[in-house]
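Whatever order the structure lists ligands and atoms in, that order sets their numbers, starting from 1. Here, residue 1 is the first one in the sequence, and each next residue gets the next number. Atoms considered below: every heavy atom in the structure, side chains included; atoms not considered: hydrogens, waters and symmetry mates. Since this is a predicted model, take the numbers as computed values, not measurements.
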Amino acid sequence: MTGVPDGGDAVIEAFTAAGADYIFSSPGSEWAPVWESLARRHRDGLPCPSYLDLTHETVAVGMATGYGLVTRRGQGVLLHAGPGLLQGSVAIHGALLAGVPMVVASSESTTYGDGPGPDPGGQWYRNLSVVGGPHVLAAPFTKWANQAASVHTLPTMVTRASELASRAPAGPVYLNIPLEVLLEPWDAAPVQPVVARGTTVSSPADLAAVVALIEAATNPVIVTETVGREEGGMDALVGFATAFGIPVVEPNSAVCANFPRDHVLHAGGDLEPWVDAADLILLVNCRAPFYPPSRKPARARIVVIDDVPQRPHIVYQVLRADAYLEGGVAETLRALAAQAGPAPGRPGLEDHHAIEVAAVLAAEEKAAAAVGIDPVQVVVALRELAGDAIVVDETITHSRVVQRHLQRSQPDSYFYVQGGLGQGIAVALGVKLAAADRPVVLTIGDGAFLYNPVIPSLEAARANGLPLLIVVFNNHEYRSMKMNHLRFYPQGAAVQTGEFLGHDLSGQPSLAAFAEPFGMHGETVTAASELEPALDRALKSVRNGTTAIVNVHVSR
Ligand SMILES: Cc1ncc(C[n+]2csc(CCOP(=O)(O)OP(=O)(O)O)c2C)c(N)n1
Ligand SMILES: [Mg+2]
């Protein structure tokens with residue numbers, strides 16, 4: 001490679017060695033050394049991650065999150081100084097909650113123009129300084145945050161950051177790489193490639209103790225929020241549940257597809273009926289099973305199967321464990337299943353599933369007969385027309401409806417967007433980037449849609465050939481906010497006068513019209529009879545490579 005290697009090359013070399021497919025960036029002036037390195041590599045035919053220029057930090061981070069949800073591999077995210085980091089912070093926090101690994105970097109200046117090297121630019125002196133450094137800003141919503149203080153340690157800092165990010169619990173790690181470090185000459189010493197993390201599983205004695213508890217139980221239940229997040233997690237849970245004949249509850253707090261909804265052991269989404277009835281509760285990747293946290297099971301022993309049961313980013317967490325099986329969850333479930341004897345015949349084992357199936361059907365019949373477009377109808381239509389799609393969900397009051405009526409039975413077919421509102425389009429774009437051959441549907445509330453950086457997100461979809469079907473569940477309000485007000489003040493002044501603040505979105509612009517400037521397909525649906533034809537047209541558009549927005553006026 002011609003040209004003097006510098007910190008920019010070190011960053012690219014280290015991300016390449018770490019196996020990053022992409023660098024998602026919302027640019028700032030500190031990244032010229034990285035752009036120069038990429039230009040040289042492209043010119044010289046050298047390997048490097050693909051670089052995506054994005055026009056908003058939420059889009060850059062959200063896309064890294066979506067990509068990581070599907071691939072389970074960390075990517076690089078380059079933002080600008082303190083402000084870009086703060087603008088991306090909601091999405092970085094979302095990645096922390098979602099357990100998605102990534103290395104986020106931005107800069108500061110260490111010389112402010114008074115050093116011997118190239119002029120960093122007066123903005124670093126006048127506008128961009130952060131007391132303590134931008135890594136101090138990042139610390140509360142990342143797994144680990146630090147400055148990379150020298151070009152000599154920079155590649156290894158990136159390598160280590162990427163390894164830290166992918167260790168359990170996976171999540172975002174932040175590096176402050178000062179501009180002077182990026183411009184510093186680098187000796188271009190080879191960077192060691194990052195290898196996959198090792199496997200961990202409990203000792204045979206610990207496993208045998210849990211097998212004994214299971215065999216002694218007459219009414220056990222499995223509860224899981226995120227086993228589907230693990231590679232092979234859904235299959236491992238199916239193997240485990242069937243080997244021992246244990247029903248699985250996937251509570252409303254589940255954030256991905258964990259257990260096939262059509263499986264006879266899927267017992268629906270409500271743990272409450274089990275809390276006092278079960279004699280053994282197996283919490284498999286379930287960070288917060290009981291609510292309120294003091295809700296104590298009457299007689300159940302509790303086994304926690306989780307790589308990191310006590311999530312470091314959670315303030316208050318009550319698990320009531322009688323036994324822990326820590327380590328890789330999929331490996332642990334497979335190891336347990338291997339020790340199962342002949343599956344016990346538990347009377348009524350399949351009743352829970354039959355009750356759930358009947359309840360789902362009854363809700364769908366009721367919705368079909370309702371006045372206006374019931375949200376359940378929208379989900380049923382999506383299930384019927386886009387059964388093969390990956391659904392990314394950023395709805396609020398409709399999220400239970402989406403989860404329950406989509407009836408997903410495959411891993412990685414449903415992801416709930418975690419953290420603050422406004423990341424959904426970006427996360428869906430990242431999912432699409434990782435799963436190019438699958439249709440990707442974003443279900444989203446009208447309020448959530450308005451929180452998204454719509455222009456930069458749709459521009460990213462267009463520029464990078466990432467067509468999405470965006471279905472807005474539009475009730476013209478923040479319904480959740482009104483419900484919350486009524487919960488606290490059921491007979492308050494707002495009820496008496498009708499003055500409800502914090503919920504009205506009736507004056508919103510036509511959301512489907514945002515498709516037009518991007519040459520995308522937009523439709524507004526106001527009658528149930530129009531729902532399927534509209535979704536059909538939109539899906540055709542998406543299959544032909546053009547994003548579609550279907551704005552559905554729902555009845556609640
Ligand atoms: C960044 C951010 N700001 C504010 C909130 C608080 N909040 C939670 S739900 C909600 C309203 C969502 O409205 P919509 O998407 O239309 O869903 P609906 O309540 O109508 O089901 C708001 C403002 C949030 N979650 N994230
Ligand atoms: Mg709404």
Atom 15 (O) of ligand 1 - nearest protein heavy atom and its distance: Ala448 N, 2.8 Å
Centroid-centroid distance, His135 to Tyr174, less than 6.0 Å: no
Distance from atom 9 (S) of ligand 1 to nearest protein heavy atom, with residue and atom: Ser480 OG, 3.4 Å
Residues Gln403 and Asp393: side-chain donor-acceptor under 3.5 angstrom: no
Arg537/Glu530 salt bridge by N-O under 4.0 Å criterion: yes
Glu477: its N/O/S atom lying closest to the Mg ion (ligand 2) (atom name): O
Aromatic contact, Tyr51 with Tyr22 (centres under 6.0 Å): no
Close-contact set for ligand 1 against Glu477 heavy atoms, below 4.0 Å: 16 (O), 20 (O)
is_close_aromatic(His80, Trp124), centroid dist under 6.0 Å: yes
Tyr451 and ligand 1 - part of the residue with a heavy-atom distance under 4.0 Å: side chain
Top protein contact for atom 21 (O) of ligand 1, by heavy-atom distance: Thr397 OG1, 2.5 Å
Nearest neighbour in protein (non-hydrogen) for atom 18 (P) of ligand 1: Arg479 N, 3.5 Å
For the Mg ion (ligand 2), the closest N/O/S atom belonging to Asp446: OD1
Test: Arg383 and Glu364 ion pair at under 4.0 Å: yes
Full working for ring-ring contact (aromatic ring centres under 6.0 Å, His included) between His503 and Tyr478: CA-CA 4 Å; His503 88 106; Tyr478 294 155; 8.5 Å; no
Check against salt bridge (charged side-chain N to carboxylate O under 4.0 Å, His left out), Arg556 and Asp374: CA-CA 7 Å; Arg556 60 185 167 108; Asp374 191 279; 2.9 Å; yes
Side-chain ion pair, Arg72 and Asp412, N-O less than 4.0 Å: yes
Heavy-atom nearest neighbour in the protein, as seen from atom 6 (C) of ligand 1, with distance rounded to 0.1 Å: Met481 CE, 4.2 Å
Heteroatom proximity flag, Tyr478 to ligand 1, N/O under 3.5 Å: no
For atom 14 (P) of ligand 1, closest protein heavy-atom neighbour: Gly447 N, 3.5 Å
Matching residue for Leu283 among Val223, Thr224, Asp306 - test: side chain to side chain contact (heavy atoms under 4.5 Å, CB included): Val223
Proximity flag Val90 to ligand 1, non-hydrogen atoms under 4.0 Å: no
N/O/S atom of Asn475 inside 2.8 Å of the Mg ion (ligand 2), strictly under: yes
Residue portion contacting ligand 1 (non-hydrogen atoms closer than 4.0 Å) for Leu421: both
Ligand 1 contact on Glu394 by region, counting heavy-atom pairs under 4.0 Å: neither
